[in-house]
Amino acid sequence: MQRESRNALCALYFFATTEKMCGILAVLGCTDDSQAKRVRVLELSRRLRHRGPDWSGIYQHEDNYLAHERLAIVDPDSGDQPLFNEDKTIVVTVNGEIYNHEELRKDLKNHKFRTGSDCDVISHLYEEHGENFVDMLDGVFSFVLLDTKHNSFMVARDAIGVTSLYIGWGLDGSVWISSEMKGLHEDCEHFEVFPPGHLYSSKSGRFKQWYNPPWYNESVPSTPYEPLAVRRAFEDAVTKRLMSDVPFGVLLSGGLDSSLVASITARHLAGTKAAKRWGSQLHSFCVGLEGSPDVKAGKEVADYLGTVHHEFHFTVQDGIDAIEDVIYHVETYDVTTIRASTPMFLMSRKIKSLGVKMVLSGEGSDEIFGGYLYFHNAPNKQEFHQETCRKIKALHKYDCLRANKATSAFGLEARIPFLDKEFINTVMSLDPESKMIKPEEGRIEKWVLRRAFDDEERPYLPKHILYRQKEQFSDGVGYSWIDGLKAHAAENVNDKMMSNAAHIFPHNSPLTKEAYYYRMIFERFFPQNLARLTVPGGATVACSTAKAVEWDANWSNNMDPSGRAAIGVHLSDYDDNSKVAVSSPSPKTVEDTPMMMGQGVVIQT
């Protein structure tokens with residue numbers, strides 16, 4: 001999950017072709033077609049306008065309302081929503097982008113498209129295939145489709161939950177859909193998170209899982225590791241996301257994940273329509289506390305890639321001042337999500353002020369490769385694999401939530417190539433034995449990814465960046481950031497308050513003053529019991545799931561989500577009791593590397 005993937009913070013930008021990370025709101029079958037109801041829908045849609053500041057649209061058909069706040073990235077001139085089929089009997093409002101829209105258009109030869117929007121294919125696919133077309137879409141999306149001819153509707157969310165989406169039900173039998181909880185929490189008798197990889201149909205009145213890949217049942221796969229197959233799959237995932245008609249960028253924190261995204265983007269930029277239109281000059285941006293690990297590493301990678309580099313420094317007080325805004329926009333009280341969302345929130349504002357509307361980011365890598373430091377303690381390959389499955393399934397509650405909402409707060413879209421459907425299928429089909437961390441063999445976390453991009457003849461990154469140890473985002477922006485948050489919370493939450501925490505907040509009771517502080521703010525914005533149920537809970541250490549906490553009995557004494565909680569593994573852990581050795585030199589090319597060999601940092605505990 002997140003959890004704090006540091007990929008976020010530095011951005012590499014240029015200008016270029018796409019649609020949008022917008023805001024959608026739908027009220028379906030509300031038994032009220034009055035002007036007052038329309039005004040209320042418009043009022044609620046305005047709460048989502050930060051997600052799509054470029055244009056607003058609303059469509060009403062009898063007692064159904066579809067509203068849309070647009071962030072235009074593909075076809076900004078003619079792609080306003082809602083979108084329609086030829087005779088306007090099918091209406092669609094969409095948040096997201098469809099990367100294979102050009103291929104899909106070729107298969108819809110008998111259809112006429114009204115716009116150049118990548119999402120214009122949805123209504124026509126529905127005409128051809130009914131509700132079973134969703135798995136044909138390669139992209140990230142949340143959409144509502146209204147079929148006025150048959151008086152029915154369907155709603156769908158992308159496979160992993162990169163886009164945010166909520167569903168609610170009114171007392172009058174209406175169904176509400178909103179990109180963010182703030183669009184419906186006051187008007188619904190019941191509401192909840194719309195599950196990723198599912199669709200909801202008015203015909204059945206229930207959810208149906210449309211995304212069900214082989215890894216989903218958590219059985220252990222056996223495909224041998226082929227470095228070049230992993231490399232090609234990830235390069236494909238990055239390049240398809242270069243579809244844009246507006247300025248976009250790549251977040252660059254200087255760690256492995258964001259640096260690889262930036263390096264691949266730099267390699268493929270020259271051949272894009274964007275480079276021909278806007279030029280191929282790359283600018284990089286990085287955020288962190290003065291002297292933080294990410295700021296230092298980000299500049300080094302930027303110099304290596306030849307970008308014009310811009311650093312943005314924030315203070316602990318800057319971050320603390322933004323906490324309330326962060327909780328309102330990200331809609332969570334989860335400690336790790338808030339820690340990581342705050343610097344990303346601040347950076348997104350800076351990026352948007354420069355005219356950039358979309359960024360590529362590195363979330364998801366740690367989940368599919370087992371990159372968090374607690375994976376050092378995985379007892380066997382079955383446990384390792386099943387933990388990665390649990391982490392991917394929960395991403396929509398953590399990293400995806402953060403990346404989507406912290407950037408959307410300023411009308412900025414985040415694209416996440418590591419969560420590409422095909423790339424996930426490639427990596428999650430690997431025998432997990434190849435992913436396991438074995439320091440005695442020089443295999444550190446995410447070794448299979450590092451090895452795939454270790455190219456001596458045409459290096460993607462400097463060796464020490466390629467093998468830089470995992471640094472969770474809220475750690476990487478500066479260790480004093482977390483320490484400052486804890487100190488601030490201690491000033492606002494006393495011991496007496498903590499002694500009654502379980503009575504005041506019986507669900508997901510805060511166990512620390514920091515958690516209590518965030519919970520107080522969240523409850524002010526979202527006081528309903530249903531709202532607090534949308535936020536995950538449970539024991540965690542260094543961003544683990546509750547199940548993985550069982551791997552090490554000592555973890556129960558240090559339940560903190562920071563990567564430094566992985567005592568004896570993190571280079572700057574709380575007790576500073578780890579030692580570091582550098583392994584043998586790396587081979588010339590990826591193909592020369594023996595299957596179970598690696599290089600980089602070896603942690604001796």
Side-chain angles (χ1 to χ4, degrees), residues 20 22-71 80-85 87-95 119 122-123 126 141-157 163-194 199-207 328-329 331 408 525-531 534:
K20 57 247 144 225
C22 308
I24 62 174
L25 176 69
V27 184
L28 304 156
C30 62
T31 68
D32 182 359
D33 58 0
S34 67
Q35 179 63 22
K37 190 67 174 183
R38 185 184 178 97
V39 169
R40 176 59 175 167
V41 173
L42 286 169
E43 177 187 350
L44 294 173
S45 185
R46 278 196 294 272
R47 297 183 183 182
L48 309 178
R49 189 155 296 166
H50 53 274
R51 299 180 62 89
D54 294 334
W55 194 251
S56 300
I58 185 170
Y59 174 84
Q60 180 181 356
H61 176 75
E62 298 177 350
D63 56 1
N64 301 296
Y65 300 83
L66 275 68
H68 186 264
E69 303 292 338
R70 188 184 188 212
L71 177 66
D80 294 338
Q81 294 195 34
L83 299 167
F84 303 89
N85 65 335
D87 62 5
K88 293 194 172 183
T89 58
I90 299 173
V91 193
V92 184
T93 182
V94 192
N95 165 29
C119 294
I122 293 176
S123 62
Y126 174 79
F141 50 82
S142 296
F143 68 80
V144 179
L145 183 150
L146 178 65
D147 184 343
T148 62
K149 188 181 297 184
H150 298 95
N151 195 28
S152 65
F153 66 85
M154 66 173 289
V155 186
R157 188 180 184 189
T163 60
S164 59
L165 196 66
Y166 296 81
I167 183 170
W169 291 266
L171 282 173
D172 60 354
S174 57
V175 177
W176 294 61
I177 303 294
S178 178
S179 293
E180 296 184 4
M181 186 164 56
K182 60 182 65 68
L184 53 68
H185 71 110
E186 294 175 350
D187 291 68
C188 293
E189 182 68 13
H190 178 84
F191 60 88
E192 60 191 55
V193 174
F194 194 102
L199 65 84
Y200 180 90
S201 172
S202 63
K203 296 175 182 178
S204 65
R206 54 178 177 264
F207 294 101
Y328 173 75
H329 280 285
E331 301 179 326
S408 293
F525 292 129
F526 309 104
Q528 300 90 343
N529 184 55
L530 291 167
T534 65

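- In summary, Glu69 and Arg49 engage in a salt bridge, as defined by a charged side-chain N under 4.0 Å from a carboxylate O.
- Heavy atoms only, all atoms of each residue included: Leu25 and Ser178 are closest at CD1-CB, 3.7 Å.
- Leu146 places none of its side-chain heavy atoms less than 4.5 Å from the side chain of Ile90.
- The side-chain heavy atoms of Asn85 and Thr89, taken from C-beta on, include a pair separated by under 4.5 Å.
- Of all the heavy atoms in Asp63 and Thr31, the pair that sits closest is OD2-N, 3.4 Å.
- Side chains of Ser174 and Trp176: a donor-acceptor N/O pair is present below 3.5 angstrom, by distance only.
- A side-chain N or O of His190 and one of Glu192 form a donor-acceptor pair less than 3.5 Å apart.
- To the nearest 0.5 Å, the span separating CZ on Phe143 from OG1 on Thr93 amounts to 11.0 Å.
- Neither side chain, Arg157 nor Thr163, offers a donor N or O lying under 3.5 Å from an acceptor on the other.
- The two atoms that bring Pro82 and Gly57 nearest to each other are CD-C, 4.2 Å, heavy atoms only.
- Between the side chain of Glu331 and the backbone N or O of Met181, at least one donor-acceptor pair lies under 3.5 Å.
- Here CG of Asp187 is found 15.0 Å from CH2 of Trp169. Values are rounded to the nearest 0.5 Å.
- A salt bridge between Glu43 and Arg40 is present, with a side-chain N of the basic residue lying under 4.0 Å from a carboxylate O of the acidic one.
- In this structure, CG in Asn95 is found 6.5 Å from OG in Ser164, a value given to the nearest 0.5 Å.
- Taking 4.5 Å as the limit, every side-chain heavy atom of Ile167 sits out of range of all side-chain heavy atoms of Phe191.
- Looking at heavy atoms from C-beta onward, Lys182 lies in side-chain contact with Leu48 at the 4.5 angstrom threshold.
- Using cut-offs of 30° and 60° for the angle between ring planes, the Tyr328 and Phe526 rings count as parallel.
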Would you sort out whether Arg47 and Glu180 count as a salt bridge (charged side-chain N to carboxylate O under 4.0 Å, His left out), showing the intermediate values? CA-CA 9 Å; Arg47 297 183 183 182; Glu180 296 184 4; over 6 Å; no
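- In this structure, Lys149 NZ and Lys88 NZ are separated by 15.0 Å, a value rounded to the nearest 0.5 Å.
- Asp147 and His150 form a side-chain donor-acceptor contact under 3.5 Å, judged by distance and modelled atom types alone.
- Side-chain contact between Ile58 and Arg38 is present, with at least one heavy-atom pair separated by less than 4.5 Å.
- At least one cation-pi condition fails for Lys37 and Tyr65: the charged atom is not both under 6.0 angstrom from the six-membered ring centre and inside a 45 degree cone around its axis.
- In this structure, the side chains of Ile122 and Leu145 come closer than 4.5 Å at one or more pairs of heavy atoms.
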So Asp33 and Glu62, side-chain contact (heavy atoms from CB on, under 4.5 Å) or not? Walk me through it. CA-CA 6 Å; Asp33 58 0; Glu62 298 177 350; 5.6 Å; no
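- Considering only heavy atoms from C-beta on, Leu28 stays 4.5 Å or farther from Ser202 through its side chain.
- Inter-residue side-chain proximity for Tyr166 and Val193 is flagged as met; some heavy-atom pair is nearer than 4.5 Å.
- Remark: Ser45 OG to Arg51 CZ distance equals 11.5 Å, nearest 0.5 Å.
- The OG atom of Ser179 lies 6.0 Å from the CG atom of Leu165; values are rounded to the nearest 0.5 Å.
- A donor-acceptor pair under 3.5 Å is absent between the side-chain atoms of Ser152 and the main chain of Lys203, judged by distance alone.
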